[in-house]
Amino acid sequence: MTLLYTDVEDELRAAVRDLLADRCPPAAVLARVEGAPYDLGLWKTLARDIGVAGLLVPEEYGGAGASAREAAVVLEELGRAVTPVPFFTSSVLATHALLQVGAGELLRGVAEGDLTVALVVPFSASPYREAGGQVSATDGRLTGVVGAVAGADVADVLLVPVKGTLYAVPAAEATVEVEPSLDLTRPIATATFAGSVAEPLGAVDVAETLRFGAGLLASEQLGVAEWCLETTLAYVKERYQFARPVGSFQAIKHRLADLWLDVVRARAAARGATDGAAMSAAVAQAWNAGVAVHVAEEAVQLHGGIGMTWEHPLHLFLKRAKSAEIALGTPGEHREALAALADLPGPA
């Protein structure tokens, strides 16, 4: 597969980037985080006018029938702006689960931008171990609690996997309470089911869905790293010390050059992960999760005093990177999985 972007992908990127530049600059995101972080007005524009909500939905259900490559481009741009919208949780993770069970009516609602869905597993769930949360199903009703669910607080329908079967629960049938979260732009919540009416949709492979999501999350992490690097490059060119731009000092040049190489490798890993293969997803997360954190940390340091303040948006990017690092499997888990997939020998 080619790592280059197609003309269609470039056009999609331009449309999303222009909209986010107008509606979602860092200052606007920062102003929202202490209140209601999700910008649902922006989400409706992205979902309906640009059509990102239905990218992965087949044309027969009213979607674009696009590939993971187009969704990855959108995620890059959303990462560059730490955009507070539920694209990843609804249009990527939960939609992939719906595609497994062939839930046409729900997929059509997602594609039209009228329906937001959330997969009810902890955001820290890993493809390599059983997801947390205890939910049981009896006579079409669900009982149990699942914590740290991303996107649940704005979902119209909750998709709950129980012993290999995916159930659809209207949000009104559950109690969803937002929890404190490091990432202020992507809230997590506890979903409680007390005899909630649920519709069984079919058999679902949760681990495969989480692997798919982990592979595409790498593109969001790439976007976070790109913004941090570009913003830092611009800053060190204009910040003077000893009558010279900070960026002219050799030590700073070397640090930034190393970061640039890390980001270039991250772009290759993220593009590779769009093929949906388990090995590609493991490679991407084993590398990109750490790169996003490292570049964000360096950006904070190289911005000096202003980088440490709440008023500068850098902390939003660092928090997004840190929370994504442990989402859908830690880098260590992905490295272990990669070693097993590549049949590498373990420790003696």
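Since this is a predicted model, take the numbers as computed values, not measurements.
Side-chain contact between L99 and F212: absent, with no pair of heavy atoms (C-beta onward) separated by less than 4.5 Å. For the pair V204 and T165, the minimum side-chain heavy-atom distance is 4.5 Å or more. Between L210 and S126, the closest side-chain pair of non-hydrogen atoms is not below 4.5 Å. Contact check for L256 versus L229: side-chain heavy atoms found under the 4.5 Å cut-off. Within the 4.5 Å cutoff, no side-chain heavy atoms of L119 are placed close to those of H96. Using a 4.5 Å cut-off on side-chain heavy atoms (C-beta onward), V169 and V157 make no contact. Taking 4.5 Å as the limit, every side-chain heavy atom of H294 sits out of range of all side-chain heavy atoms of V291.
Although no hydrogens or angles enter the test, the distance criterion places a donor-acceptor pair under 3.5 Å between the side chain of T232 and the main chain of C228. With hydrogens and angles disregarded, no donor-acceptor distance shorter than 3.5 Å links the side chain of T138 to the backbone of R141. Formation of a donor-acceptor pair under 3.5 Å by the D39 side chain with backbone atoms of P84 is not found in this model. Proximity of a side-chain donor or acceptor of E336 to a complementary backbone N or O of E333 within less than 3.5 Å is not detected. Formation of a donor-acceptor pair under 3.5 Å by the S90 side chain with backbone atoms of F87 is not found in this model. Judged by distance alone, with hydrogens and angles left aside, the side-chain atoms of H303 form a donor-acceptor pair with the main-chain N or O of A299 at under 3.5 Å. Side chain of T45 to main chain of G41: a donor-acceptor pair is present (N/O by atom type, distance under 3.5 Å, no hydrogens or angles). Side-chain atoms of R271 come within 3.5 Å of backbone N or O of L4 as a donor-acceptor pair. With hydrogens and angles ignored, the 3.5 Å screen pairs a side-chain donor or acceptor of R108 with a backbone N or O of E60. Using modelled atom types, one side-chain atom of E70 and one backbone atom of S67 make a donor-acceptor pair closer than 3.5 Å.
The side-chain contact (heavy atoms from CB on, under 4.5 Å) search around A171 returns none, not counting sequence neighbours. Residues forming a side-chain contact (heavy atoms from CB on, under 4.5 Å) with E230 (at least two apart in sequence, or on another chain): R80, E226. For the side-chain contact (heavy atoms from CB on, under 4.5 Å) test, residues two or more places apart in sequence or in another chain that qualify with P170 are E173.
Closest approach of L3 to G272, counting heavy atoms only: CD2-N, 4.0 Å. Counting all heavy atoms, side chain and backbone alike, A72 lies closest to S219 at CB-OG, 3.3 Å. When every heavy atom of A225 is checked against every heavy atom of V295, the shortest pair comes out as O-CG1, 3.5 Å. A269 approaches N288 most closely through the heavy-atom pair CB-OD1, 3.5 Å. The shortest non-hydrogen separation linking L328 to F88 is CD1-CZ, 3.7 Å. Scanning all heavy atoms of the two residues, the minimum distance from L78 to L46 falls at CD2-CD1, 4.2 Å.
Both L115 and I50 belong to a single network of hydrophobic side chains, linked directly or stepwise wherever heavy atoms of I, L, V, M, F, W or Y lie under 4.5 Å apart. Both V149 and V135 are members of a single hydrophobic cluster when ILVMFWY side chains are connected at heavy-atom separations under 4.5 Å. By the criterion of side-chain heavy atoms lying less than 4.5 angstrom apart, applied directly or through intervening Ile, Leu, Val, Met, Phe, Trp or Tyr residues, L182 is not grouped with I188; the two fall into different hydrophobic clusters. One hydrophobic cluster holds both V110 and V101 under the rule that ILVMFWY side chains link at heavy-atom gaps under 4.5 Å. Follow the hydrophobic side-chain contacts under 4.5 Å out from V206 and you reach V92 in the same cluster.
Atom NZ of K253 is separated from atom CG of D258 by 14.0 Å, given to the nearest 0.5 angstrom. Taken from CG in L93 to CG in L217, the straight-line distance is 9.5 Å, to the nearest 0.5 Å.
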### Query
What do the steps show when you test T231 against L233 for side chain to side chain contact (heavy atoms under 4.5 Å, CB included), and what is the final call?
CA-CA 6 Å; T231 300; L233 282 169; over 6 Å; no
### Message
side chain to side chain donor-acceptor pair (under 3.5 Å), that's the test. Do S323 and R186 meet it? Break it down for me.
### Response
CA-CA 9 Å; S323 66; R186 179 183 279 145; 5.4 Å; no
### Task
Start with the C-alpha distance between T116 and T89, add both sets of side-chain angles, then the distance that settles side chain to side chain contact (heavy atoms under 4.5 Å, CB included), and finish with yes or no.
CA-CA 9 Å; T116 300; T89 53; 6.0 Å; no
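For the residue pair E76 and Y5, a side-chain donor N or O sits within less than 3.5 Å of a side-chain acceptor on the partner. When only modelled atom types and interatomic distance are considered, S181 and D183 share no side-chain donor-acceptor pair under 3.5 Å. Side chains of T83 and W43: no donor on one and acceptor on the other come within 3.5 Å. Counted by atom type alone, Q100 and T209 present one or more donor-acceptor pairs between their side chains at under 3.5 Å. When only modelled atom types and interatomic distance are considered, Q285 and Q221 share a side-chain donor-acceptor pair under 3.5 Å. No hydrogens or angles considered: a donor-acceptor pair under 3.5 Å links the side chains of E179 and T190.
In the hydrophobic clustering, where aliphatic and aromatic side chains (Ile, Leu, Val, Met, Phe, Trp, Tyr) are joined below 4.5 Å either directly or transitively, L338 groups with M279, V283, L341. Within the hydrophobic cluster formed by Ile, Leu, Val, Met, Phe, Trp and Tyr side chains joined at under 4.5 Å, directly or through other members, L316 is accompanied by V29, L30, V33, V82, L184, V224, W227, V300, M308, W310, L314, F317, L318. Connectivity analysis of hydrophobic side chains (ILVMFWY, heavy atoms under 4.5 Å, direct or indirect) links Y38 to L40, V154.
The pair D262-R265 meets the salt-bridge criterion, since a charged nitrogen lies less than 4.0 angstrom from a carboxylate oxygen. Electrostatic pairing of R211 and E208 does not count as a salt bridge here, judged by no charged N lying under 4.0 Å from a carboxylate O.
Within 6.0 Å of NZ on K44 lie more than 12 heavy atoms contributed by other residues, nucleotides or ligands.
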